[in-house]
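Numbering of residues begins at 1 and proceeds along the displayed sequence.
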Amino acid sequence: MKFVSKKVLKGNIVDIQDRRIFKGEIHIADGKIKSIIEKDCEENHYILPGFVDAHIHIESSMLVPSEFAKIAVKHGTVATVSDPHEIANVLGVKGVEFMIENGKKTPFKFNFGAPSCVPATPFESAGAIIDSDDIKHLLSHPDIKYLAEMMNYPCVINDDAEVHKKIEWAKHFDKPIDGHAPGLRGDDLDKYISAGISTDHECFTNDEALEKLQKGMKVIIREGSAAKNFDALIDLLPEHYENMMLCSDDKHPDDLLLGHINQLAERAVAKGMDVFKVLHVACVNPVKHYNLDVGLLQVGDEADCIVVQDLKAFKTLQTYINGELVFDNGVSKIKHVDFEILNNFNTKKKNVSDFRFETNKFKIRVIECLDGELVTNEIIENATIENGNLISNTETDILKMTVVNRYENAEPSVAFIKNFGLKEGAIASSVGHDSHNIIAVGVSDKAICKAVNLLIENKGGICAVSDKDEKVVPLPVAGIMSDQNAKTIGKAYAELDKMAKDLGSKLHAPYMSLSFMALLVIPSLKLGDKGLFDGNSFQFTDLEV
């Protein structure tokens with residue numbers, strides 16, 4: 001890694017720790033801040049520590065880490081706390097190692113965790129298993145900073161031995177333990193926290209977040225492409241800023257091109273919140289909580305800082321990492337790096353008849369998708385039957401969906417979903433949290449089959465199909481990431497997003513929402529490759545009532 005041997009930055013220096021702004025100079029040598037001198041200067045821009053995304057799955061940007069870094073620095077992000085859980089569910093430890101090595105080829109500060117739940121549950125088929133011995137191996141690695149989100153909270157609460165072994169290894173290596181406990185309250189929450197779990201990014205109400213804060217957890221406000229909790233939680237920041245952070249969790253490429261953590265800082269300041277408290281949450285808290293090697297604009301720190309136009313919009317003019325200028329007035333200086341393409345895609349093409357569901361029942365359980373939320377509702381609706389087969393009904397917006405095991409040949413699972421709004425065709429994705437099987441929604445079995453087979457042909461991607469047209473964005477890296485740059489993939493994704501909406505979807509981010517409809521660990525009703533799953537009771541349930 002090249003360092004700028006000597007550099008002087010001049011402007012309004014934002015000292016978050018001492019809550020003051022002053023004119024001065026920052027002297028950088030060999031990647032570190034050697035001195036900060038208070039003196040008058042002509043420059044009116046502001047210099048502050050870089051932003052840190054406190055919880056993100058890089059894979060959800062559909063970019064490999066080196067390509068993600070190119071865009072993140074444009075928005076003043078210098079580091080992420082990154083859970084490689086998605087690629088781990090496809091490729092196991094080998095996938096985690098791919099993310100670390102690819103990220104190391106850039107100056108950006110990726111801080112990867114050891115994925116704690118691979119597979120996320122025993123109720124679905126993933127491409128790999130990471131057991132407690134693998135967790136021990138990963139946590140012993142200096143590049144692994146923490147035990148990533150412990151989403152299997154029922155097993156924590158019910159004293160599952162294997163889950164607790166993973167937690168104990170994190171304690172052994174003195175590394176933080178991330179949480180994931182949507183809706184968990186009361187005594188169960190107490191037990192979850194007592195296991196040593198210190199954060200949660202899944203709060204979707206103010207009351208839930210407040211209880212977790214009062215019980216000693218750090219609450220991470222999430223605003224991603226699908227799950228958006230900023231408005232519900234941000235009013236807690238003024239009083240609890242020392243124990244809060246900001247994250248995107250999952251950020252699609254078109255959204256990442258527009259902004260990152262800087263957008264959340266802008267929104268918080270626009271609500272009249274104290275800028276020092278906002279920057280404490282956006283820049284300082286993740287570094288301290290996760291013990292990151294990221295500078296905070298203090299003498300002796302690594303020179304990880306940004307130059308912004310003002311403290312309202314936080315438009316980034318320059319980004320420095322280890323004293324190296326990585327973004328300058330609209331141009332990212334992070335270069336493309338070559339990498340090996342890894343994948344795990346082994347199923348064969350399907351027949352239309354594979355998506356039949358024969359019934360003589362008149363009521364069915366339906367997943368109600370909520371725009372901007374990962375949680376869903378379970379509703380009971382009338383069945384639409386044709387020749388004994390349960391089919392989609394576009395008038396009532398009760399559409400058939402499927403999850404297809406991509407790791408081996410197996411019978412597709414079938415369920416029904418409301419609020420996708422499609423009037424023709426189908427959409428499908430091999431980004432299907434957490435196991436990344438193929439997930440599709442459509443107006444007919446034929447359309448669903450066409451979309452599924454298009455992804456099988458490409459060994460992964462996202463697509464939309466109609467009688468007259470089809471579009472696919474291939475994702476050859478583990479079936480969840482592109483081998484292209486952000487501009488290319490962002491444009492292709494935006495075109496696909498438009499096609500899904502032209503087919504009738506009213507969802508803000510139909511593909512991101514689709515990807516979470518297989519996320520069994522989030523209540524209430526979801527579909528895995530083995531069947532319809534009740535996320536409240538953590539067991540399978542029947543489609544037919």
Review point. Taking atom types as modelled, is there a side-chain donor on Asn285 or His280 under 3.5 Å from an acceptor on the other?
Key: yes
Exercise for review: Test side chain to side chain contact (heavy atoms under 4.5 Å, CB included) on Phe230 and Leu264 and set out the steps.
Suggested key: CA-CA 8 Å; Phe230 180 93; Leu264 305 188; 4.1 Å; yes
Review point. Side chains of Met99 and Val64: does their closest heavy-atom pair fall under 4.5 Å?
Key: no
Practice item. Can you see which heavy atom on His252 is nearest to which on Ser225, and at what distance? Key: N-OG, 2.8 Å
Point to revise | Sub-4.5 Å side-chain heavy-atom contact between His201 and Asn229 | key: no
**Study point:** Intermediate values then yes/no, side chain to side chain contact (heavy atoms under 4.5 Å, CB included), Ile334 and Val73
**Key:** CA-CA 9 Å; Ile334 295 178; Val73 295; 3.8 Å; yes
**Study point:** Side-chain donor-acceptor contact under 3.5 Å, Asn393 with Thr384
**Key:** yes
**Study point:** Residue pairs fulfilling side chain to side chain donor-acceptor pair (under 3.5 Å) with at least one residue in residues 502-512, sequence neighbours excluded
**Key:** Lys498-Asp502
Review point. Atom CE in Met62, atom CD in Glu67: separation rounded to 0.5 Å?
Key: 15.0 Å
**Study point:** Exceeds 12 heavy-atom contacts within 6.0 angstrom, atom NZ of Lys423
**Key:** yes
Practice item. Give the C-alpha distance, both sets of side-chain angles, the deciding distance and a yes or no for side chain to side chain contact (heavy atoms under 4.5 Å, CB included) between Phe204 and Val375. Key: CA-CA 9 Å; Phe204 46 88; Val375 293; 3.6 Å; yes
Review point. Got Lys450 and Asp445 here, is their nearest side-chain heavy-atom distance under 4.5 Å?
Key: no
Exercise for review: Test salt bridge (charged side-chain N to carboxylate O under 4.0 Å, His left out) on Asp231 and Arg267 and set out the steps.
Suggested key: CA-CA 10 Å; Asp231 289 334; Arg267 287 171 63 184; 3.2 Å; yes
Point to revise | Side chains of His436 and Glu59, donor plus acceptor under 3.5 Å | key: no
Exercise for review: Could you tell me whether a side-chain N or O of Lys459 sits under 3.5 Å from a main-chain N or O of Pro474, the two making a donor and an acceptor?
Suggested key: no
Check your understanding: Around atom NZ of Lys491, are there more than 12 heavy atoms of other residues, nucleotides or ligands at under 6.0 Å?
Key -> no
Practice item. Apply side chain to side chain donor-acceptor pair (under 3.5 Å) to the pair Glu544 and Thr359, showing each step before the final yes or no. Key: CA-CA 8 Å; Glu544 302 160 296; Thr359 188; 2.5 Å; yes
Exercise for review: Test side chain to side chain donor-acceptor pair (under 3.5 Å) on His57 and Asp249 and set out the steps.
Suggested key: CA-CA 6 Å; His57 305 282; Asp249 197 2; 3.3 Å; yes
Point to revise | Minimum heavy-atom distance between Leu374 and Glu202, given as atom pair plus value | key: CD1-OE1, 4.1 Å
Exercise for review: Classify the side-chain pair Ser524/Asn536 by whether it contains a donor and acceptor separated by less than 3.5 Å.
Suggested key: yes
**Study point:** Side-chain (Ser332) to main-chain (Lys70) donor-acceptor, under 3.5 angstrom
**Key:** yes
Review point. Which atom pair, heavy atoms only, marks the closest approach of Gly127 to Asn344?
Key: O-ND2, 3.6 Å
Practice item. Before accepting this row, confirm whether a basic side-chain N of the pair Arg185/Glu208 lies closer than 4.0 Å to the acidic partner's carboxylate O. Key: no
Check your understanding: Does the side chain of Met512 reach to within under 4.5 Å of the side chain of Asp250, using non-hydrogen atoms?
Key -> yes
Exercise for review: Spell out, as yes or no, whether a donor-acceptor pair under 3.5 Å connects the side chain of Asn419 to the backbone of Cys369.
Suggested key: yes
Check your understanding: What closest approach, in Å, do Val403 and Asn437 show between heavy atoms, and which atom pair accounts for it?
Key -> CG1-CB, 3.8 Å
Exercise for review: State, yes or no, whether a side-chain contact exists between Phe416 and Met401 at a heavy-atom distance under 4.5 Å.
Suggested key: no
Review point. Within a strict 4.5 Å, meaning less than it, do heavy atoms of the Asp255 and Tyr493 side chains meet?
Key: no
Practice item. Please answer whether the main-chain N or O of Ser248 pairs with a side-chain N or O of Asp53 as donor and acceptor at a distance below 3.5 Å. Key: yes
Practice item. Check the angle between the aromatic planes of Phe51 and Phe314 and answer parallel, tilted or perpendicular using the 30° and 60° thresholds. Key: perpendicular
Practice item. Report the distance from atom CG of Leu390 to atom CD1 of Ile385, rounding to the nearest 0.5 Å. Key: 5.5 Å
**Study point:** Shortest non-hydrogen separation from Arg365 to Leu525 and the atoms involved
**Key:** CB-CD2, 4.2 Å
Study note, to complete from the structure: Interatomic distance, NZ@Lys349 vs CG@Leu455, rounded to 0.5 Å, equals 11.5 Å
Check your understanding: Considering only heavy atoms from C-beta outward, does the side chain of Phe533 approach that of Leu527 to under 4.5 Å?
Key -> no
Exercise for review: Give a yes or no on whether the backbone of Lys312 and the side-chain of Asp310 come within a donor-acceptor separation of less than 3.5 Å.
Suggested key: yes
Practice item. Dump the intermediate steps for side chain to side chain contact (heavy atoms under 4.5 Å, CB included) on Val473 and Ile489, then the final yes or no. Key: CA-CA 8 Å; Val473 177; Ile489 191 70; 3.1 Å; yes
Exercise for review: Could you check whether the rings of Tyr153 and Tyr192 sit parallel, tilted or perpendicular, using 30° and 60° as the cut-offs?
Suggested key: perpendicular
Practice item. Would you please say whether a donor-acceptor pair under 3.5 Å links the side chains of Ser413 and Asp529? Key: no
Review point. Is Asp254 reaching over with its side chain to a backbone N or O of Gly490, donor-acceptor style, under 3.5 angstrom?
Key: no
Revision key, fill the gap. For Ala88 and Val96 the tightest heavy-atom approach is CB-CG2, 4.0 Å
Check your understanding: Is there a donor in the side chain of Thr347 and an acceptor in the side chain of Lys350, or the other way round, less than 3.5 Å apart?
Key -> yes
Taking distance alone, no hydrogens or angles, what donor-acceptor pairs closer than 3.5 Å link side-chain atoms of residues 76-85 to residues at least two apart or in another chain?
unit_1: Thr77; atom_1: OG1; unit_2: His260; atom_2: ND1; d: 2.8
unit_1: Thr80; atom_1: OG1; unit_2: Ser82; atom_2: OG; d: 2.6
unit_1: Asp83; atom_1: OD1; unit_2: His85; atom_2: N; d: 3.0
unit_1: His85; atom_1: NE2; unit_2: Asn89; atom_2: ND2; d: 3.1
unit_1: His85; atom_1: NE2; unit_2: Asp434; atom_2: OD1; d: 2.8

Check your understanding: Under 6.0 Å from the CD atom of Glu495, do we count more than 12 heavy atoms belonging to anything else shown?
Key -> yes
Point to revise | Expected output: side-chain Asn405 to main-chain Glu408 donor-acceptor under 3.5 Å | key: yes
Practice item. Could you tell me whether Lys228 atom NZ has more than 12 heavy atoms of other residues or ligands within 6.0 Å of it? Key: yes
Practice item. Any chance you could measure Lys212, atom NZ, to Thr199, atom OG1, to the nearest 0.5 Å? Key: 10.0 Å
**Study point:** Other residues, nucleotides, ligands: >12 heavy atoms within 6.0 Å of Phe362 CZ
**Key:** no
Review point. With a 6.0 Å cut-off on ring centres, are Phe112 and Tyr146 close enough?
Key: no
Point to revise | Under 3.5 Å: donor-acceptor pair, side chain of Ser430, backbone of Gly479 | key: yes
Exercise for review: Report the distance from atom SG of Cys449 to atom CG of Asn351, rounding to the nearest 0.5 Å.
Suggested key: 6.5 Å
Check your understanding: So how far is it from Thr121 OG1 to Leu520 CG, rounded to the nearest 0.5 Å?
Key -> 4.5 Å
Practice item. Return yes if a side-chain donor-acceptor contact under 3.5 Å exists between Glu424 and Ser466, otherwise no. Key: no
Exercise for review: Decide yes or no for Ser66 and His336: does some side-chain heavy atom of the first lie under 4.5 Å from some side-chain heavy atom of the second?
Suggested key: no
